[in-house]
Amino acid sequence: MSPSDYTAVRCGMNVSKAIIEGSIDAGIGLENVQMVELEEWLAAQGRPKTDVQMLRIDELAELGCCCFCTILYIGNEQFIAENPDKVRAFMRAVKRATDFVLAEPERAWAEYVDFKPVMGTPLNRKIFERSFAYFSRDLKNVQRDWDKVTKYGKRLGVLDESFKANYTNEFLNWAFDADSTDPCGDQKRMVKLQKDVAQAGGFQRLKVSA
């Protein structure tokens, strides 16, 4: 497809709402969030959940494998430079919370809902279960992923050729898990695992070969 084959519509993060209302035919979203929202909407209409489909962006953009896309905490550069100990303390807190979620997901969910009761819905519970497999145990940025993302940005022309990514793992003061030896295989196994979670619910994680 070329840009002349479609009309881009700005809808922010309201992809599910826009698809339901018919203002867009397809959008960019997450398998563990917007896809869940659309599946549950379809079920409420008496339609099969399989009517919603997703094409992974790494396949669409021919990136090879991003396994799995890492998430950044973005900080003000001056604050980071002047307060490295505070940044490390913040990341230690994130790691402690992540360890808790992975070890006791049911208790973590209960505490989350107790803190934010409006989130205690069956839909949000399903989103939480579908998100569980994506939590990183060690929180590290994966070099392979960001190399691909940076090259993709340059290919699209949204990044200058001289751009250098400034992500860092220097504020993570713990041992990292080994990188996967079969990231493409892990992606395929993740697709199957998430289908199982979609059907049966619960908390499951992939055993990554490393």
Residues A133 and Q204: closest non-hydrogen pair is CB-O, 3.4 Å
With hydrophobic residues grouped by side-chain heavy-atom distances under 4.5 Å, do L139 and I80 end up in a single group? yes
Does Q143 reach the side chain of Y167, with side-chain heavy atoms less than 4.5 Å apart? yes
Donor-acceptor pair, side chain of E40 and main chain of V36, under 3.5 angstrom: no
Least distance between heavy atoms, N76 atom then Q78 atom: OD1-N, 3.0 Å
Start with the C-alpha distance between V87 and F79, add both sets of side-chain angles, then the distance that settles side chain to side chain contact (heavy atoms under 4.5 Å, CB included), and finish with yes or no. CA-CA 9 Å; V87 177; F79 178 88; 4.3 Å; yes
Looking at Q34 and I28, would you say the former's side chain and the latter's main chain have a donor-acceptor pair under 3.5 Å? no
Under 3.5 Å, is there a donor-acceptor pair between the side chain of N141 and the main chain of N169? no
CD on E31 to CZ on R130, rounded to 0.5 Å: 4.5 Å
How about W174 and R137: do any of their side-chain heavy atoms sit closer than 4.5 Å? no
If you count heavy atoms of other groups shown closer than 6.0 angstrom to NZ of K154, is the number above 12? yes
Got a sec: does the CZ of F176 have more than 12 other heavy atoms crowding it under 6.0 Å? yes
Does the pair D196/K192 count as a salt bridge with the N-to-O cut at 4.0 Å? yes
Member of M35, E39, Q199 meeting the side-chain contact (heavy atoms from CB on, under 4.5 Å) criterion with K49: E39
Could you walk me through whether I19 and W41 pass the side chain to side chain contact (heavy atoms under 4.5 Å, CB included) check? CA-CA 11 Å; I19 289 177; W41 176 76; over 6 Å; no
Residues, nucleotides or ligands: over 12 heavy atoms within 6.0 Å of D25 CG: no
Return the minimal non-hydrogen interatomic distance between D138 and A175, and the atom names on each side. CB-O, 4.3 Å
Do L38 and I20 come within less than 4.5 Å of each other through their side chains, counting heavy atoms only? yes
Does the side chain of S2 pick up a donor-acceptor pair with the side chain of D5 at under 3.5 Å? yes
Taking every heavy atom of M91 against every heavy atom of F171, the minimum-distance pair comes out as CB-O, 3.8 Å
Partners meeting side-chain hydrogen bond (donor to acceptor under 3.5 Å, both in side chains) with E37 (sequence neighbours left out): S16
Is it true that F135 and F100 fall in one hydrophobic cluster, defined by side-chain heavy atoms closer than 4.5 Å? no
For residues S23 and V9, determine if any side-chain heavy atom of one lies less than 4.5 Å from a side-chain heavy atom of the other. no
Check the pair D179 / K140 against side chain to side chain contact (heavy atoms under 4.5 Å, CB included), numbers first and verdict last. CA-CA 10 Å; D179 287 342; K140 72 177 177 182; 2.5 Å; yes
Listed pairs under 3.5 Å, donor-acceptor, residues 108-123 side chains, sequence neighbours left out:
{"unit_1": "E111", "atom_1": "OE2", "unit_2": "R107", "atom_2": "NE", "d": "3.3"}
{"unit_1": "T121", "atom_1": "OG1", "unit_2": "N124", "atom_2": "N", "d": "3.1"}
{"unit_1": "T121", "atom_1": "OG1", "unit_2": "N124", "atom_2": "ND2", "d": "3.1"}

E104 and F203: side chain to side chain contact (heavy atoms under 4.5 Å, CB included), yes or no, with the steps? CA-CA 10 Å; E104 301 184 63; F203 300 102; over 6 Å; no
For residues F132 and V101, report the shortest heavy-atom separation together with the two atoms involved. CE1-O, 3.5 Å
Between E77 and N166, what is the shortest heavy-atom contact and its length? OE2-ND2, 3.5 Å
In terms of side-chain geometry, is the basic nitrogen of R189 or D186 positioned less than 4.0 Å from the acidic oxygen of its partner? yes
Charged N to carboxylate O under 4.0 angstrom, D182 versus K188? no
Inspect the contact between D99 and R96 and indicate whether a charged nitrogen and a carboxylate oxygen are less than 4.0 angstrom apart. no
